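Here's the structure we're looking at; comments come further down.
The structure presented is a predicted model; accordingly, all values stated were derived computationally and were not measured. Atoms within each ligand, like the ligands themselves, are counted from 1 in listed order.
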Amino acid sequence: MTERDAIARPWGERTPYGPGQAWPVRVDSHVTAGEVDRWVRSAAVLHSNGDGLDVAVKDGRIVGVRGRADDRVNHGRLDTKDLYGWQANNSADRLTVPLVRRNGELVESTWDEAMSEIVARARELPPSAIGFYTSGQLFAEEYYTLAAIARGGIGTNHLDGNTRLCTATAGEALKESFGCDGQPASYSDVDHADVIALFGHNVAETQSVLWMRMLDRLAGPEPPAILCVDPRDTPVARAATIHLAPVPGTNLALMNGLLHEIIAGGRADHDYIERHTVGYEELAATVARYPPSRVSRICGVPVDDLRAAARMLGRSRRLLCTVLQGFYQSHQASAAAVAVNNLALVRGMIGRPGAGVLQMNGQPTAENTRECGADGDLTGFRNWANDAHVADLARLWNVDPSRIPHFAPPTHLMQMMRYAENGTLSLLWVSATNPAVSLPELARIRAILGQERLFLVVQDAFRTETAEFADVVLPAALWGEKTGTFTNAARTVHLSEKAVDPPGQAKPDLDIFLDFARRMGFRDRDGAAFPHWHDTESAFEAWKRASTGRPCDYSGLSYDRLRAVSGVQWPCDAEHPDGTERLYGDGRFFAQPDYCETYGKDLVTGAPMEPGEYRAYNPEGKAMLKTADYFPPHEVPGAEFPFSLITGRTLYHFHTRTKTGRTPELNAAAPQVWVEISAHDAKVCDIAEGDLTEIRTPRGMVRARARIGGIRDGVLFLPFHYGYWDSSDPRAANELTFTDWDPVSKQPLFKLAAATIGAVR
Ligand SMILES: Nc1nc2c(c(=O)[nH]1)N[C@H]1C(S)=C(S)[C@@H](COP(=O)(O)OP(=O)(O)OC[C@H]3O[C@@H](n4cnc5c(=O)[nH]c(N)nc54)[C@H](O)[C@@H]3O)O[C@H]1N2
Ligand SMILES: Nc1nc2c(c(=O)[nH]1)N[C@H]1C(S)=C(S)[C@@H](COP(=O)(O)OP(=O)(O)OC[C@H]3O[C@@H](n4cnc5c(=O)[nH]c(N)nc54)[C@H](O)[C@@H]3O)O[C@H]1N2
Ligand SMILES: [Mo]
């Protein structure tokens with residue numbers, strides 16, 4: 001077991017290995033007590049990697065963590081945030097009692113008073129006035145319960161997760177290409193790949209244990225070549241064989257250009273395309289319009305670099321691609337993410353060791369939000385537009401199919417905020433997310449959340465910026481204080497067990513949701529209390545039944561099983577009792593018209609395809625090569641706002657810092673917001689390292705100290721972690737972002753705005 005200074009050495013010692021070999025074990029830990037009372041099984045919750053760990057408990061408090069050597073994901077390793085971040089659980093300013101608003105102030109209350117107030121409000125409103133905005137950080141049991149309550153209990157269409165900001169495009173890209181959500185590849189593909197291509201993914205800082213695996217391959221014999229596509233000089237870019245730094249918002253043009261070169265260079269696998277895909281003719285016709293000279297002009301990438309990257313991708317024998325927010329939160333997000341799937345399919349790089357796509361997730365449990373249907377998806381990757389799927393779910397819940405709203409597509413979050421803005425949504429229940437910092441165009445969000453006519457419930461462990469607008473605040477238990485399951489970006493399910501009691505009267509989210517359901521008196525068709533389950537294990541068993549026969553099949557799992565094995569990949573059923581490492585190795589996809597999760601959308605407009613249209617396009621349920629042309633973004637740099645502003649993350653912080661800001665080591669490592677600017681631009685703007693600057697867009701202003709270098713000319717980067725605490729000194733990146741979203745996935749565009757910068761003198 002090793003303790004390291006994970007602030008100074010985030011990735012630790014190398015344990016080199018070669019292609020096809022097992023990734024060596026290295027157990028990381030950080031424990032603050034000499035002797036501990038017990039170790040409790042869990043997994044990491046500050047990213048989507050799903051690193052198995054044990055929580056150390058002493059005198060009823062969490063005192064540390066250590067990686068689990070037998071875990072299939074991390075082989076013992078832990079990242080910087082996980083080594084230190086658990087300290088937030090012990091923070092003295094946790095919420096311990098419910099709060100209600102009286103005469104404009106939040107005051108301490110009781111569970112009975114707070115819940116009665118919510119129930120009274122919910123009872124007097126039609127379902128269409130009630131909305132739920134949840135998270136990618138609860139447990140599967142909690143999402144399944146919330147989905148059942150919202151859709152089967154209340155019957156509202158307004159249920160979404162902050163996964164909309166996060167991995168809506170990952171889910172959408174998988175649906176568009178494979179007919180259904182579900183990660184094709186596995187992290188173990190890193191062990192076999194000869195080329196790893198990372199598209200808009202700063203894995204070194206955001207899934208740093210996965211990066212350790214890549215670094216260990218790079219340090220071993222026959223290392224893979226790395227392609228990095230990112231406008232910044234990230235740690236990934238610095239380790240890359242080829243780094244393409246496109247102008248922000250031009251990903252689709254770049255992908256079309258790479259595909260053009262691969263097809264023109266005779267590197268397409270026509271046998272695979274013929275047997276397993278539809279849509280090749282249209283793809284070839286589209287990308288033919290993207291010769292290197294044109295793409296170079298659009299993306300600001302040298303022709304030679306483009307060609308070299310295409311050669312590298314074209315000659316690879318085992319190509320692993322990963323995609324994240326540099327694509328998902330940018331212009332033409334879904335089309336660009338789908339283009340990465342196209343690359344894999346055209347090269348026949350799916351379902352073999354080392355060959356595949358990781359449409360990544362970000363949050364630890366985002367996969368479960370999607371599977372369980374606590375976002376705009378229907379539980380179990382069922383198809384909204386397929387009446388048989390809706391009827392199937394209604395049978396499972398024993399409610400009338402008409403109770404489950406499916407007359408229109410489910411309301412996505414950005415639309416819900418619009419409804420709240422115009423007053424048609426009057427009760428909004430926010431769980432485990434902090435929209436007053438994380439949504440775009442914060443001045444607008446504050447105006448919406450602050451309305452008198454909006455009844456806002458906030459369920460969190462801390463008094464967040466969002467809680468300040470609430471009418472009722474419910475104190476929630478955190479990870480480590482409750483039991484449940486969650487699934488990482490590569491379909492790996494872990495059990496996370498309760499290690500300690502929550503503080504004060506704080507309760508698990510599951511208990512809060514079930515308490516609400518009982519007080520509302522929801523009934524099934526036979527008059528039985530609905531939902532039919534009452535605790536976390538019975539919720540898991542119910543979720544298993546809902547998943548049975550669907551792609552995300554959990555039927556072969558149980559809490560006992562997950563106590564014995566550290567991480568199992570779904571589908572796990574009678575046919576795959578030990579789980580499934582990769583999908584689609586047999587060339588069979590979840591895309592059959594009667595089985596698929598969606599009939600797909602037009603990648604330019606987002607217009608849904610009709611069931612009959614889909615049946616004609618893809619009768620046998622093959623993989624789909626869907627394409628779109630590149631169009632310039634709406635907001636581009638010009639005379640008044642000459643820079644392109646992008647936002648994102650640092651290794652040391654998680655999102656709005658409710659946990660990492662309360663962790664001494666992490667807070668000290670990055671206590672304040674900064675802005676990245678190129679050396680050339682800094683000179684032109686007369687900005688020196690460390691100068692205080694003002695960054696402006698048409699929406700607002702942020703003050704940040706300058707960090708010079710590491711980014712392409714014409715681009716500024718702001719981390720989005722720092723919430724506002726004082727309007728005279730604004731620092732939240734989302735003061736600057738705009739209200740717009742990808743037409744296909746409805747994910748907001750956080751990485752695209754025109755801005756100006758100047759030193760504050
Ligand atoms: N340390 C840390 N780790 C985290 C999190 C965290 O907050 N902190 N959050 C977790 C979550 S929820 C998520 S979603 C993931 C996100 O993980 P990532 O997607 O890796 O993180 P980001 O920094 O948001 O964006 C990645 C990169 O996109 C680049 N980029 C911006 N615009 C463009 C563009 O137009 N094209 C291309 N090609 N690239 C562009 C940025 O320069 C940035 O380096 O991280 C997870 N892990
Ligand atoms: N400009 C810009 N904005 C962005 C992004 C970006 O790259 N740039 N990224 C977007 C992305 S990918 C994401 S994922 C979002 C993240 O945005 P948020 O979801 O708003 O960020 P968090 O700080 O993770 O908020 C989660 C909240 O849940 C609470 N919490 C944690 N665990 C529990 C629990 O078990 N129960 C309850 N009830 N509460 C809990 C935490 O205390 C915290 O307040 O931000 C998005 N916003
Ligand atoms: Mo995310």
Query raised in the report: Can you find a heavy atom in the side chain of M701 that is under 4.5 Å from one in the side chain of P730?
Result: yes
Query raised in the report: Any side-chain donor-acceptor pair under 3.5 Å between R712 and S678?
Result: no
Query raised in the report: T656 and N434: side-chain donor and acceptor closer than 3.5 Å?
Result: yes
Query raised in the report: So which heavy atom in the protein is nearest atom 31 (C) of ligand 2, and how far is it from that ligand atom?
Result: L478 CD2, 3.6 Å
**Report entry** Any N/O pair Q363/ligand 2 closer than 3.5 Å
**Finding:** no
Query raised in the report: F132 vs F516 aromatic rings, parallel, tilted or perpendicular, using cut-offs 30° and 60°?
Result: perpendicular
Query - Structural part of K81 in contact with ligand 1, heavy atom criterion under 4.0 angstrom - result: side chain
Query raised in the report: Are the side chain of N667 and the backbone of P671 linked by a donor-acceptor contact shorter than 3.5 Å?
Result: no
Query raised in the report: Looking at ligand 2, does any of its N/O atoms fall within less than 3.5 Å of an N/O of T737?
Result: no
Query - Which segment of N162 sits under 4.0 Å of ligand 2 when only heavy atoms are counted - result: side chain
Report task. Mind checking whether P440 contacts ligand 2 via backbone (N, CA, C, O), side chain (CB onward), both or neither, at a 4.0 Å heavy-atom cut-off? Result -> neither
Query raised in the report: Between K498 and D501, is there a salt bridge with N-O shorter than 4.0 Å?
Result: yes
Query raised in the report: Counting only N and O atoms by type, is there a donor-acceptor contact under 3.5 Å from the side chain of S644 to the main-chain atoms of V715?
Result: no
Query - Y722 ring center within less than 6.0 Å of H653 ring center - result: yes
**Report entry** atom 29 (C) of ligand 2: the protein heavy-atom neighbour that sits closest, reported with distance to 0.1 Å
**Finding:** D460 OD2, 3.2 Å
Query raised in the report: Can you find an N or O of K751 that's nearer than 3.5 Å to an N or O of ligand 2?
Result: yes
Query raised in the report: Does a donor on one side chain sit under 3.5 Å from an acceptor on the other, for N251 and Y630?
Result: no
Query raised in the report: Does any donor atom in the side chain of S745 or Y328 lie under 3.5 Å from an acceptor atom in the other side chain?
Result: no
Query raised in the report: Is the centre of the F717 ring less than 6.0 Å from the centre of the W674 ring?
Result: no
**Report entry** Plane angle bin for W211 and W11 - parallel if under 30°, tilted between 30 and 60°, otherwise perpendicular
**Finding:** perpendicular
Report summary line: A student comparing S135, P364, C166, S438 should find that the heavy atom closest to atom 17 (O) of ligand 2 comes from S438
Query raised in the report: Which bit of T433 gets closer than 4.0 Å to ligand 2, counting heavy atoms only: side chain, backbone, both or neither?
Result: both
Query raised in the report: Taking the minimum heavy-atom distance to atom 28 (O) of ligand 1, which of G326, P248, G362, G249 ranks first?
Result: G326
Requested in this report: May I ask you to list the atoms of ligand 2 that are less than 4.0 angstrom from any heavy atom of T647?
Outcome: 1 (N), 2 (C), 6 (C), 8 (N)
Query raised in the report: Heavy-atom contacts under 4.0 Å between F327 and ligand 1: side chain, backbone, both, or neither?
Result: side chain
Query raised in the report: For ligand 1, which part of T234 has a heavy atom less than 4.0 Å away: the side chain, the backbone, both, or neither?
Result: side chain
**Report entry** side-chain contact (heavy atoms from CB on, under 4.5 Å) partner of W429, the single match among V458, L159, V457, T134
**Finding:** V457
Query raised in the report: Can you tell which part of I646 has a heavy atom less than 4.0 Å from ligand 1: side chain, backbone, both or neither?
Result: side chain
Report task. From atom 36 (N) of ligand 1, work out which of L645, N251, V715 has a heavy atom at the shortest distance. Result -> N251
Report task. Write down the atom of T369, the atom of G136, and the distance for their closest heavy-atom approach. Result -> OG1-CA, 3.6 Å
Query raised in the report: If you measure from each non-hydrogen atom of T650 to ligand 1, which part falls under 4.0 Å: side chain, backbone, both or neither?
Result: backbone
Query - Check ion pair D160-K746 (N to O, under 4.0 angstrom) - result: no
Query raised in the report: How does L138 reach ligand 2, by side chain, by backbone, by both or by neither, if only non-hydrogen atoms under 4.0 Å count?
Result: side chain
Query raised in the report: Would you call the rings of H30 and Y84 parallel, tilted or perpendicular if under 30° counts as parallel and over 60° as perpendicular?
Result: perpendicular
Query raised in the report: Side chain or backbone of E205 under 4.0 Å from ligand 1, or both, or neither, by non-hydrogen atoms?
Result: backbone
Query raised in the report: Relative to atom 40 (C) of ligand 2, which among S48, A432, A168 owns the nearest non-hydrogen atom?
Result: A432
Report summary line: Checking heavy atoms under 4.0 Å, the part of L165 that sits near ligand 2 is both
Query raised in the report: Any heavy atom of E142 sitting closer than 4.0 Å to ligand 2?
Result: no
Query - Residues in side-chain hydrogen bond (donor to acceptor under 3.5 Å, both in side chains) contact with E735, at least two apart in sequence or another chain - result: R446
Query raised in the report: Can you find an N or O of Q459 that's nearer than 3.5 Å to an N or O of ligand 2?
Result: yes
Report summary line: Closest to atom 1 (N) of ligand 2 among protein heavy atoms sits N734 OD1, 2.8 Å
Query - Mode of T658 contact toward ligand 2 - side chain, backbone, both, neither (heavy atoms, under 4.0 Å) - result: side chain
Report summary line: Min over Q329, Q332, R649 of heavy-atom distance to atom 16 (C) of ligand 1 lands on R649
Requested in this report: Please work out whether any backbone atom (N, CA, C, O) or any side-chain heavy atom from C-beta onward of L651 is under 4.0 Å from ligand 1, and answer side chain, backbone, both or neither.
Outcome: backbone
Query raised in the report: Under a heavy-atom criterion of less than 4.0 Å, does A88 contact ligand 2?
Result: no
Query raised in the report: Nearest protein heavy atom to atom 35 (O) of ligand 2, by residue and atom, and its distance?
Result: K482 NZ, 2.9 Å
Query raised in the report: For atom 47 (N) of ligand 1, which candidate among L46, T250, L252, T206 holds the nearest heavy atom?
Result: T206
**Report entry** Residue pair Q505 / T96, side-chain donor-acceptor N/O under 3.5 Å
**Finding:** no
Query raised in the report: Has F654 got any heavy atom lying under 4.0 angstrom from an atom of ligand 2?
Result: yes
Query raised in the report: What is the nearest protein non-hydrogen atom to atom 22 (P) of ligand 2, stated with its residue, atom name and distance?
Result: H655 CB, 3.5 Å
Report summary line: Logged contact type for D509 with ligand 2, heavy-atom cut-off 4.0 Å, is side chain
